[in-house]
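A short worksheet on the structure shown next.
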Amino acid sequence: MKKLVVLLLVFTVVLCETIAFADNEGACGANLSWKLDSDGVLTISGSGPMDDFKYGSAPWNDLKSDIKSVVIEDGVTSLGDSAFYWCRELTNVTLPDTLTVIADRAFENCNKITTVKMSKNVESIGSWAFYGCDSLLSIELPDTLKRIEDLAFHDCKSLTVLNIPASVEYINEDRTFAGSNKLTAINVAEGNAYYVSVDGVLYNKDQTTLIVYPAGKTGRSFTIPETVTKVNGYAFYWNEIIESISVPSSVETIGGDAFAGCEKLTSISFSEGLLSIGSTAFHQCNILPSITFPASLQRIGNDMFESCYELKEILVAEGSETFKSVDGVLFDATGKTLVAYPVGKVQGIYSVPEGVETIGDYSFLYGQNLVNVTFPDSLLRIGIAAFTGCNKLTGIVFPKNLVSIDDRAFSSCDGLTSIEIPESVTSLGGGAFSWCDKLVTVTIKGQYTSYDKYSGAFDYCNEGLVIKGLAGSTTEQMAKDEEIVFEAVSFEKEESSSNNDEWICSECSTKNDGGKFCRECGAKRPEAQICSNCGYENTDLEHSFNFCPECGTKAK
């Protein structure tokens, strides 16, 4: 009996091992096969290209925690997309000389890889190919390499030097080396027709574009050469060393995120000649106290100063025809648009000047010192994410002529408990007041002509939130769509500033009692009232006529 039990146990173990072995091999291309042995070595054999696998769909995906090393045998010509995606126990890789293509995300987040024995004939390295390989110490790029795609070496945090062969014709400029904060130099071999390196800094061949300043390069200050006309987006991205940068007059364009994450940057100087700066260029420059733009600057992107918590003033040189600074706050030259508010200002109260019609997108983003803001009667629009994250903001009174509150305008304003939206507002953006977790009462006086029932204007607010508005209005429908308690109320009609201030909307023919926007369709009131008979023009719209003072014709 005991012998029978032992035999059954042995048979069971052998059967289980046979089944497990069968699960450890298979096909991975038309003429390719794979096999994972008990030591964690994954071997790819055969000839031709590997199949593409998107985000964890490789046939060995369920075994990826067992893969310690990868051996690609001669005959294999390409690695498929996401071939070894998130194989986080993988430490070394051997590639054959028959291999010409390393596809997108091939080794993404293989964070224990220390060495890669590179094929001598690789021609292209795909997007995100070695992204997050933060133990990778070095990699020798072959003389056959022609293309390096975006984010290929992003977050390779142990990589110190990268040598670009003379054969390389194209390096994608989108964060290709970003986050590799120990990278001290990107060197380019002599004879490269497209790129050059000066002191480890990567430029295009004629040095008119600064492509990448390595994040681990020593030296606390840097003066951009006068040959440079363009600073590439992400050029100084997440540099934790540099403190001072000087930009010469030759530079006309600075790309988005160019200085983002330069957490020790305290000084940056610009010269006349600069024309444009891209979006989020100074994102998380945590201790930058002040910035002065040249008069030549014509365009800046959105969300320029997110998380610049020490920024107390944004200044503009005299003579600018595009921007101006008032008390350290950036406006367009007309004063009609507030472009950016320095969130490092210590004052908790701010009054937007009269004449401002637009609060720009992202303009007060994460203004954590702001407690109260006063809006002028001239204000018509509050832009995208304008006050997102202003978590101390408590007092808001919207002006009577406001028309639009855009997407996420007041998202995550934790201090808001009650708001009243005036009748003039006809457009409410997606997530406009989302994540305001103390918001319990919203009173909406008007009707929306622009509202998407899937917008989630009040998503993730207080569970006890009540919305008050007119019965049968779009407000009631919105509350229903968002599953928020609705309370029907009536509102007393506000008296017109003038008994003779009626006007007819040219878009929908609605009769309006004053105001700058049609109460029905939201169209802007004409700048002048013109008699349909004699052409008499009245520009004093606070005192519009019912009968033409020239010919007596009744106004339409």
Side-chain angles (χ1 to χ4, degrees), residues 2-122 125-126 128-140 156-159:
K2 289 183 178 178
K3 289 183 178 180
L4 179 61
V5 171
V6 170
L7 287 172
L8 285 173
L9 288 173
V10 170
F11 176 76
T12 302
V13 170
V14 171
L15 180 63
C16 289
E17 287 182 348
T18 302
I19 293 171
F21 181 80
D23 289 339
N24 283 11
E25 59 184 326
C28 55
N31 298 300
L32 296 183
S33 62
W34 66 276
K35 182 177 181 180
L36 179 64
D37 68 19
S38 59
D39 293 324
V41 179
L42 178 66
T43 303
I44 311 294
S45 306
S47 61
M50 185 185 290
D51 290 341
D52 288 331
F53 314 107
K54 293 297 183 183
Y55 306 112
S57 64
W60 47 80
N61 185 63
D62 291 342
L63 302 168
K64 63 185 178 184
S65 61
D66 297 325
I67 299 173
K68 304 296 191 298
S69 64
V70 170
V71 175
I72 313 293
E73 294 187 343
D74 281 340
V76 179
T77 58
S78 73
L79 299 184
D81 288 0
S82 305
F84 306 104
Y85 177 79
W86 282 75
C87 290
R88 297 179 74 83
E89 299 302 318
L90 179 60
T91 58
N92 60 80
V93 178
T94 300
L95 304 177
D97 289 342
T98 54
L99 193 78
T100 59
V101 176
I102 298 175
D104 298 349
R105 301 180 184 270
F107 296 99
E108 181 184 348
N109 279 313
C110 295
N111 64 334
K112 289 187 178 179
I113 286 182
T114 56
T115 59
V116 175
K117 185 180 179 182
M118 182 65 75
S119 163
K120 294 180 181 180
N121 293 299
V122 165
I125 297 176
W128 301 63
F130 293 94
Y131 181 103
C133 293
D134 51 19
S135 296
L136 184 64
L137 297 171
S138 64
I139 186 167
E140 185 176 346
C156 292
K157 296 184 183 299
S158 299
L159 193 63

Distance col, row Thr43:OG1 vs Asp37:CG, nearest 0.5 angstrom, shows 6.5 Å
Approximate separation, where rounding is to 0.5 Å, of Asp74 CG and Leu95 CG
11.0 Å
Using atom types as modelled and distance alone, determine if a side-chain donor or acceptor of Ser47 lies under 3.5 Å from a backbone N or O of Gly75.
no
Is there a donor in the side chain of Ser65 and an acceptor in the side chain of Glu89, or the other way round, less than 3.5 Å apart?
no
Kindly indicate whether the side chain of Ile44, heavy atoms from C-beta on, has any atom under 4.5 Å from the side chain of Met50.
yes
On the 0 to 90° scale, with breaks at 30° and 60°, tag the Tyr55-Tyr85 ring pair as parallel, tilted or perpendicular.
perpendicular
Taking Thr91 for its side chain and Lys68 for its backbone only, find out whether a donor-acceptor pair lies under 3.5 Å.
yes
Would you find a donor on one side and an acceptor on the other, under 3.5 Å apart, between the side chain of Ser158 and the backbone of Asp134?
yes
Let's go through Phe84 and Ile113 carefully: what are the C-alpha distance in whole Å and the side-chain angles of both, what is the deciding distance for side-chain contact (heavy atoms from CB on, under 4.5 Å) to 0.1 Å, and is it a yes or a no?
CA-CA 11 Å; Phe84 306 104; Ile113 286 182; over 6 Å; no
Just how far is it from atom SG of Cys87 to atom CG of Asn61, taken to the nearest 0.5 Å?
7.5 Å
Identify which one of Val122, Ile102, Asp52, Val101 satisfies the side chain to side chain contact (heavy atoms under 4.5 Å, CB included) criterion when paired with Ser78.
Val101
Is it true that, when you exclude Glu140 itself, more than 12 heavy atoms of the residues, nucleotides or ligands shown sit nearer than 6.0 Å to its CD?
no
Look only at the side chain of Asp66 and the backbone of Gly40, and say whether a donor-acceptor pair between them is shorter than 3.5 Å.
no
For the pair Ser135 (side chain) and Asn111 (backbone), establish whether a donor and an acceptor sit closer than 3.5 Å, ignoring hydrogens and angles.
yes
I'd like to know if the side chain of Thr94 reaches the main chain of Val71, judged simply by a donor and an acceptor atom lying under 3.5 Å from each other, with no hydrogens or angles considered.
no
Treating Trp60 as the side-chain partner and Ala83 as the backbone partner, does any N or O pair qualify as donor plus acceptor under 3.5 Å?
yes
If you round to the nearest 0.5 Å, how far is CD1 of Ile125 from CG of Asp104?
11.5 Å
Side chain Asp81, main chain Ala103, donor-acceptor under 3.5 Å
no
Roughly how far apart are Asp62 CG and Asn24 CG, rounded to 0.5 Å?
11.0 Å
Pro96 backbone acceptor or donor facing Ser119 side chain under 3.5 Å:
yes
Check for a donor-acceptor pair, side chain of Asp39 on one end and backbone N or O of Val41 on the other, with a separation under 3.5 Å.
no
Working to the nearest 0.5 Å, report the span between OG1 of Thr77 and CG of Asn31.
10.0 Å
